[in-house]
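Heads up, the thing below is written out as structure tokens.
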Amino acid sequence: MAQKPSIPKGTRDFSPEEMVKRNYIFDTIRAVFQHYSYQNIETPAMENLSTLMGKYGEEGDRLLFKIVNSGDYLKKISKKDIDAGNINKVTAAISEKGLRYDLTVPFARYVVQHRNSIVFPFKRYQIQPVWRADRPQKGRYREFYQCDVDVIGSGSLLNEVELIRMIDDIFKQLKIDVVIKLNNRKILTGIAEVINAPEKITDITTTIDKIDKIGVEKVYEELRQRGLSEETITMLEPIINLGGDNQKRLNCLKELIGITSAGSQGVDELQEIIDLIKILDISADVEIDQALARGLNYYTGTIIEVLAKDVNIGSLCGGGRYDDLTGIFGLPDVSGVGVSFGADRIYDVLNELNIFPDHQKAVTQVMLVNFGKKESAFALQLLEILQNSGISAELFPDAAKMKKQMQYANKKAVQYVLLPGEEEMKTGLYSLKNMQTGEQVKKVLSELISLING
RNA sequence: GUGGAUGUAGCUCAGCUGGUUAGAGCACUGGAUUGUGGUUCCAGGGGUCGUGGGUUCAAGUCCCAUCUUCCACCCCA
């Protein structure tokens with residue numbers, strides 16, 4: 001026997017039933033994006049490695065799926081490099097394309113390349129799969145969909161507020177209780193400045209980001225391990241332990257880091273966002289979290305992360321502002337802000353909470369039984385009429401046994417079965433069976449159509 | 001990349017301290033029922049026990065390696 005077929009680690013097939021659920025998520029998200037006047041674009045699954053490399057940090061480069069060149073790609077490698085185990089050089093020689101790691105960097109590339117035809121500020125959305133060579137685990141896949149919305153070419157904080165409104169709108173519709181966490185990169189910068197350790201900013205941010213997960217003590221421990229002095233850790237304490245409501249946090253932050261220009265700017269920006277949100281009808285909790293860092297180091301302003309209240313699965317949505325993302329591609333000083341919704345995690349949450357709507361409408365409303373050659377030719381005409389009246393209908397392709405055809409209809413959860421046999425052909429009265437109730441009626445076609453549509 | 005668990009029929013699993021021909025439920029196919037499904041009854045097909053090596057008279061069972069899936073870390077949607 002042939003070997004069992006399989007799919008690559010961390011990838012999944014989606015059955016028709018799963019796709020109904022997935023499309024519910026995508027449709028909801030897409031509708032909101034469009035409702036808020038964002039335009040759709042798509043970019044290729046693969047990008048040049050030069051576009052992707054170095055944009056996600058060292059860790060990100062490791063997680064990039066690389067594609068080997070076509071043709072005789074071995075020609076370009078020298079034996080010396082292989083023997084020396086010079087992985088970077090060898091990969092560079094044999095691979096110049098990779099699968100996209102997210103949608104933001106390809107978007108930045110797109111903006112730079114099409115800058116002359118884009119109307120700024122450019123509000124776009126993009127729903128496509130991305131790939132990461134990560135080790136799969138709960139809520140983490142190697143192929144998954146991101147739903148990105150970004151505004152590029154506007155520094156206004158109204159954009160942040162709009163993103164928060166969209167996040168609230170989408171999760172409200174999906175009936176997931178979420179908390180939207182906000183921070184600002186400038187606050188983190190301010191913190192690093194105040195404690196006099198600006199070069200340690202990455203260490204500090206990624207460490208205090210874990211505070212909810214590992215606790216205060218472990219955070220201190222890790223900070224020590226990362227080479228922070230006892231003195232600076234002491235200075236960090238009031239910031240790490242900062243609690244209370246948003247306004248209280250902002251006031252404290254202002255006191256602690258307001259003397260730095262970055263810090264005071266960050267606090268002001270968050271204040272403005274919070275003030276605007278107050279006058280709007282937002283149902284999700286919006287919390288300022290000075291420990292929120294997020295990994296990607298291109299964020300320069302607002303940082304946003306959305307967590308489900310009832311399921312522990314990591315963030316469902318995340319993003320932030322990046323002042324100069326297009327700079328690396330040769331278009332400086334274009335500010336953008338955006339978030340990305342993780343459709344696969346949202347799926348897992350809806351599944352775990354069992355709150356998918358059960359309006360799973362059957363694909364087929366009516367199935368026509370095939371009684372044989374003459375009858376099926378006639379049925380084909382009925383099929384045409386039914387479909388033209390907006391009914392999803394299908395004719396069983398083979399003149400199989402009635403039982404088999406009924407079983408097919410039953411398994412597919414078809415709503416009605418129409419039986420156009422010899423007798424019906426003569427009289428023009430057709431038997432229509434309701435598969436849920438088992439009731440059967442005999443009527444003319446026009447009446448049946450209104451029955452099905454009704 | 002690091003650590004732990006796992007793998008038996010299409011699916012969910014049983015198979016004790018190694019011992020004839022590896023089981024169940026569900027699913028599948030056929031029949032009871034040649035124009036009526038979902039219920040019931042009967043019959044049937046399907047497994048080189050993840051893969052490769054080793055120990056043993058004997059391996060689904062023990063050992064090693066490798067892959068898969070899952071969980072945690074790193075990181076992240």
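Just so we're on the same page: letters track the sequence lines, and every chain starts at 1. Values in this document were obtained by computation on a predicted structure and should not be read as measured data.
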Which whole number of Å gives the distance between the C1' atom of B:C71 and that of B:U6? 10 Å

Is A:Glu222 paired with A:Arg226 through a side-chain N to carboxylate O contact shorter than 4.0 Å? yes

Does a distance-only test, which skips hydrogens and angles, find a donor-acceptor pair under 3.5 Å between the side chain of A:Arg140 and the base of B:C70? no

When the C1' atoms of B:G60 and B:G18 are considered, how many whole Å apart are they? 10 Å

Around A:Met46, counting heavy atoms of other residues, nucleotides and ligands shown, do more than 12 lie under 6.0 Å from its CE? no

At 4.0 Å (heavy atoms only), tell me whether A:Gln436 reaches a base, stays on the sugar-phosphate, or touches nothing. base

Ranking B:C75, B:G1, B:U36 by distance to the side chain of A:Arg62, first place goes to B:G1

Just to be sure I follow the notation: if a pair is Watson-Crick (purine N1 to pyrimidine N3 plus N6-O4 or O6-N4) or a G-U wobble (N1-O2 and O6-N3), each under 3.5 Å, what dot-bracket string does RNA chain B give, with | for pairs to another strand? (((((.(..((((.....[...)))).(((((.......))))).....(((((..]....)))))).)))))....

Gap in Å between the two P atoms, one belonging to B:C26 and one to B:G44, rounded: 16 Å

Closest to the A:Lys9 side chain: B:C75, B:U68, B:A77? B:U68

Looking at A:Lys218, does any N or O in its side chain come under 4.0 Å of the phosphate oxygens OP1/OP2 on B:C73? no

Quick test of your reading: applying ring-ring contact (aromatic ring centres under 6.0 Å, His included), list the pairs with at least one residue in residues 407-430 of chain A, sequence neighbours left out, ordered by first then second residue. A:Phe396-A:Tyr408

Looking at A:Ile176, A:Asp344, A:Asp177, which one forms a side-chain contact (heavy atoms from CB on, under 4.5 Å) with A:Val349? A:Ile176

Got a sec, which pairs hit ring-ring contact (aromatic ring centres under 6.0 Å, His included) with one end in residues 432-454 of chain A, sequence neighbours left out? none

Salt bridge (charged side-chain N to carboxylate O under 4.0 Å, His left out) pairs touching residues 442-452 of chain A, sequence neighbours excluded, are A:Glu423-A:Lys442

Given the C1' atoms of B:G50 and B:U8, what is the spacing between them in whole Å? 10 Å

Qualifying residues under salt bridge (charged side-chain N to carboxylate O under 4.0 Å, His left out), relative to A:Glu375, sequence neighbours excluded: none

Expressed as a whole number of Å, how far does the C1' atom of B:C13 sit from that of B:U20? 25 Å

Using residues 163-170 of chain A as the side-chain source, report each donor-acceptor pair under 3.5 Å to any protein atom, sequence neighbours left out, with the distance given to one decimal.
| from | atom 1 | to | atom 2 | distance (Å) |
| --- | --- | --- | --- | --- |
| A:Asp168 | OD1 | A:Ser283 | N | 3.3 |
| A:Asp168 | OD1 | A:Ala284 | N | 2.8 |
| A:Asp168 | OD2 | A:Ser283 | N | 3.1 |
| A:Asp169 | OD1 | A:Gln173 | NE2 | 3.2 |
| A:Asp169 | OD2 | A:Tyr36 | OH | 2.9 |

Quick one: which protein N/O atoms are closer than 3.5 Å to N/O atoms of nucleotides 3-7 of chain B? Pair and distance per line, please.
| from | atom 1 | to | atom 2 | distance (Å) |
| --- | --- | --- | --- | --- |
| B:G3 | O6 | A:Arg135 | NH1 | 3.2 |

Regarding A:Lys123 and A:Glu162, does a basic nitrogen lie under 4.0 Å from an acidic carboxylate oxygen? yes

Classify the nucleic acid contact of A:Glu59 as base, sugar-phosphate or nothing, counting any heavy atom under 4.0 Å across all strands shown. base

With the side chain of A:Lys433 defined as its heavy atoms from C-beta on, choose the nearest nucleotide among B:G35, B:U36, B:G1. B:U36

Decide, applying a 5.5 Å centre-distance limit and a 30° plane-angle limit (both strict), whether A:Phe144 stacks on B:A77. yes

Sugar-phosphate only, base, or nothing, as touched by A:Gly372 at under 4.0 Å among non-hydrogen atoms: nothing

Between A:Glu222 and A:Pro420, the residue closer to the 5' end of RNA chain B by nearest nucleotide is A:Pro420

How would you label the contact of A:Gly60 with the nucleic acid (heavy atoms, under 4.0 Å): base, sugar-phosphate, or nothing? nothing

Sidechain N-carboxylate O distance under 4.0 Å for A:Arg124, A:Asp148: yes

With A:Ser154 via side-chain hydrogen bond (donor to acceptor under 3.5 Å, both in side chains) - residues at least two apart: A:Asn159

Could you tell me if the side chain of A:Tyr24 sits less than 4.5 Å from the side chain of A:Leu350, heavy atoms only? yes

Residues pairing under salt bridge (charged side-chain N to carboxylate O under 4.0 Å, His left out) where one sits in residues 25-51 of chain A, two or more places apart or in two chains, turn out to be A:Glu47-A:Arg109

Please tabulate, for the side chains in residues 62-69 of chain A, all donor-acceptor contacts under 3.5 angstrom to protein atoms that are two or more places apart in sequence or on a different chain.
| from | atom 1 | to | atom 2 | distance (Å) |
| --- | --- | --- | --- | --- |
| A:Arg62 | NH2 | A:Glu59 | OE2 | 2.9 |
| A:Lys66 | NZ | A:Asp61 | O | 3.2 |
| A:Lys66 | NZ | A:Leu64 | O | 3.4 |
| A:Asn69 | OD1 | A:Glu96 | N | 3.0 |
| A:Asn69 | ND2 | A:Ile94 | O | 3.1 |

Say we look at B:U33 and B:U12: how far apart would their P atoms be, to the nearest angstrom? 37 Å

From the set B:C75, B:C73, B:C76, return the single nucleotide nearest to any side-chain atom of A:Gln137. B:C73

B:U69 P sits how many Å from A:Arg142 CZ, rounded? 8 Å

Just to be sure I understand the rule, does A:Arg226 reach a base, reach only the sugar-phosphate, or reach nothing, if contact means heavy atoms closer than 4.0 Å? sugar-phosphate

Test of understanding: with salt bridge (charged side-chain N to carboxylate O under 4.0 Å, His left out), list the residues that count as partners of A:Asp310, not counting sequence neighbours. none

Give one of base, sugar-phosphate or nothing for A:Leu316, where a contact means two heavy atoms less than 4.0 Å apart. sugar-phosphate

Is a donor-acceptor pair below 3.5 Å formed from side chain A:Glu424 to base B:G35, judging by atom type as modelled? yes

Nearest-angstrom distance from the residue atom CE of A:Met367 to P of B:G35: 13 Å

Rounded to whole angstrom, note down the C1' distance from B:U69 over to B:C11. 15 Å

Value in whole Å for how far the C1' atom of B:C76 lies from CZ of A:Phe341: 17 Å

Considering only B:C75, B:G37, B:G35, which nucleotide approaches the side chain of A:Leu419 most closely? B:G35

Distance in angstrom units between A:Asp348 CG and B:C76 C1', rounded: 15 Å

Say we look at B:U40 and B:A59: how far apart would their P atoms be, to the nearest angstrom? 42 Å

Rounded to the Å, how far apart are A:Leu350 CG and B:A77 C1'? 15 Å

Please list, by residue number, the residues of residues 401-410 of chain A whose heavy atoms come closer than 4.0 Å to an atom of RNA chain B; answer none if no residue qualifies. A:Lys401, A:Met402, A:Lys403, A:Lys404, A:Met406, A:Gln407, A:Asn410

Return the value, rounded to whole Å, for the distance between atom CZ of A:Phe396 and atom P of B:G37. 14 Å

How long is the line joining NZ of A:Lys412 and P of B:G38, in whole Å? 18 Å

Whole angstroms only, please: what is the OH-C1' distance between A:Tyr56 and B:G1? 20 Å

